[in-house]
Structures are given as C-alpha cells and as structure tokens.
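Here's the structure we're looking at; comments come further down.
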Amino acid sequence: VTSVELGFDTDDNKSVVAINDGGTVELWKEGPGTTFLEQIASGVGTGIQGDRISLAVQPSKYAVGYMDSNDNASVRIFYDE
C-alpha cells in the first residue's frame, strides 16, 4: 500500500478508506458489527504505483481522485444508498 486517505460519512457515522495498493485503487467502508472494513469497490481504477490518491466524502457520496496511467488525473464518484 503506497497511499491511504481516510474520510467519515456523516449519514451513517462510518469511516471510509481509499487506498492505492501497488497501482490498484480501492474504496473501503467501515463494516457492520465486528467487520472492520468491507470493500465498496475493487479496482476503482488503475493508478500509478507509488502515487498519492485523494478522497472527498459528503454524506453517502465519495469522490476518489488518482493519477491514471492513461491520463493526468481521474476522479470516480460513488453513491452509497
């Protein structure tokens, strides 16, 4: 893991985590009960290994920014209902 960004969803009071794991960008959220994290999206994008990512969190909406190998920058938006 080369980059980690943390956020907090005020809709359900849970933590949200975006990571760059060797170029694979993933999005995780605090799980129910004893489950620490559950994956919201695997392979959000193919980032550049070692580059930083960014995470913006609004209630039930998440934006993940990363450097794409085909473009200067990419942003993916997720809505958690």
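Between the CD1 atom in I40 and the CH2 atom in W28 there is a gap of 10.0 Å [rounded to 0.5 Å]. Atom-to-atom distance recorded for I19:CD1 and L55:CG is 12.0 Å, nearest 0.5 angstrom. In this structure, CD on E30 lies 9.5 Å from CD on E38, to the nearest 0.5 angstrom.
Nearest approach of V57 to F8, heavy atoms of both residues: CG1-O, 3.3 Å. The two residues L27 and A18 make their nearest non-hydrogen contact at CD1-CB, 4.2 Å. A pairwise comparison of heavy atoms in A63 and V75 identifies CB-CG1, 4.2 Å as the closest pair. The two residues D9 and D11 come nearest to each other via the heavy atoms OD1-N, 2.9 Å.
Side-chain contact between K29 and D12 is present, with at least one heavy-atom pair separated by less than 4.5 Å.
Hydrophobic clustering of Ile, Leu, Val, Met, Phe, Trp and Tyr side chains at less than 4.5 Å, counting indirect connections, keeps V1 apart from Y66. Cluster annotation: Y62 is not connected to L6 through the hydrophobic network of ILVMFWY side chains, with a link wherever side-chain heavy atoms come within less than 4.5 Å.
Looking at T2, its side chain does come within 3.5 Å of a backbone N or O of N20 through a donor-acceptor pair.
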